[in-house]
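Take a look at the structure set out below.
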Amino acid sequence: MTATINQNIALLRKQISSAEQRYQRNSGSVQLIAVSKTQPATKLLEAYNAGQRLFGENYLQEALDKITELKLPDIEWHFIGPIQSNKTRAIATHFDWVHSVDRLKVARRLNEQRPDELAPLNICLQINISAEDSKSGASANEALVLANQISKLPRLALRGLMAIPSHSDNVIEQRKTFSAMRQLFQTLNETLPIQLDTLSMGMSGDMDAAIAEGTTMVRIGTGIFGARQTP
Ligand SMILES: *Cc1c(COP(=O)(O)O)cnc(C)c1O
């Protein structure tokens, strides 16, 4: 029998807390985001009933359908997919966090469109840390200027950096990439007028390496819900 969502979440919590200890991280310093793209609302509800409250979605329309269907006020919704600039209003209205901001135009629109009655929208700047042509994300060189500009937008709260490294099964390689992210994070914190507190990195295949290198939010899909159907 395959493990249930409930069992997967319990196992992940154990793995996260054991990695926190192993790498001298504070207990509870790594948050778990359940990446629920392509999963039906019933599966999210199973995760919710296992105590999961942070959910990450990649595709706007699919996410809006689930947000409306579930209507659970204590879920924190994280948008982690590529952003088309004509879709920013719905993202600014329905999400608590956006991890995939990689250009000023999108940040400005989110800032203008964040409803007044809501708290500032939490933002991570996505970094193309493996410098792949195919991937979205700002280059590490652009990060300082961009972070400075975004930090001045009043309806956004710039919280940190996010990365989706190129795939590697080699733990040394994984750690090298995450270490580069941690160094960029430190440099920004020494330079910016604000303090960043979030490193969004680590997925099902490289979570342990990300925790070793200082992640504060791991984004796990397969490890919770099993393999995704290819659409
Ligand atoms: C799909 C996705 C994940 C989760 O990947 P898994 O390998 O299924 O854990 C994390 N982050 C982003 C940005 C994703 O698109």
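Everything quoted here is computed from the prediction, not taken from an experiment. Read the numbers this way: they start at 1 and go in the same order the structure lists the ligands and their atoms. Residue numbers count from 1 along this sequence.
Close approach of ligand 1 to T222 (heavy-atom distance below 4.0 Å) involves ligand atoms 6 (P), 7 (O), 8 (O), 9 (O). Taking a cut-off of under 4.0 Å to the non-hydrogen atoms of N58, the atoms of ligand 1 that pass are 14 (C), 15 (O). Applying the 4.0 Å criterion to heavy atoms of I220 picks out, from ligand 1, the atoms 9 (O). Residue G221 has at least one heavy-atom neighbour below 4.0 Å for each of these atoms of ligand 1: 4 (C), 6 (P), 8 (O), 9 (O). If you number the atoms of ligand 1 from 1 as listed, the ones under 4.0 Å from a heavy atom of R219 come out as 4 (C), 9 (O), 10 (C), 11 (N), 12 (C), 13 (C).
Residues T177 and S130 come closest through the heavy atom pair CG2-OG, 4.0 Å.
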Show me the side-chain donor-acceptor pairs of residues 185-193 shorter than 3.5 Å, one per line, residues at least two apart or across chains.
residue	atom	partner	partner atom	Å
T187	OG1	Q183	O	2.9
N189	OD1	L196	N	2.6
N189	ND2	L196	O	3.1
T191	OG1	T187	O	2.6

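Closest protein heavy atom to atom 9 (O) of ligand 1: S204 OG, 2.5 Å. Of the protein's heavy atoms, I164 CD1, 3.5 Å lies nearest to atom 13 (C) of ligand 1. Atom 14 (C) of ligand 1 has its closest protein heavy atom at K37 NZ, 2.9 Å. Of all protein heavy atoms, the one closest to atom 12 (C) of ligand 1 is I80 CD1, 3.6 Å.
D96 and H94 form no side-chain donor-acceptor contact under 3.5 Å, judged by distance and modelled atom types alone. Counting only N and O atoms by type, the side chains of N111 and R155 include no donor and acceptor under 3.5 Å apart.
Using a cut-off of 4.0 Å between Lys/Arg side-chain N and Asp/Glu carboxylate O, E62 and K66 are scored as salt-bridged. Salt bridge status for D206 with R175: absent, with no side-chain N to carboxylate O gap under 4.0 Å.
F225 and I33 fall into different hydrophobic clusters, where Ile, Leu, Val, Met, Phe, Trp and Tyr residues are linked whenever their side-chain heavy atoms come under 4.5 Å apart, directly or through other members.
For ligand 1, the polar-atom distance check against M203 finds no nitrogen or oxygen pair separated by under 3.5 Å.
For the side-chain contact (heavy atoms from CB on, under 4.5 Å) test with H78, the passing option among R219, H99, M162, E57 is H99; the others fail.
No heavy atom of H99 sits closer than 4.0 Å to any atom of ligand 1.
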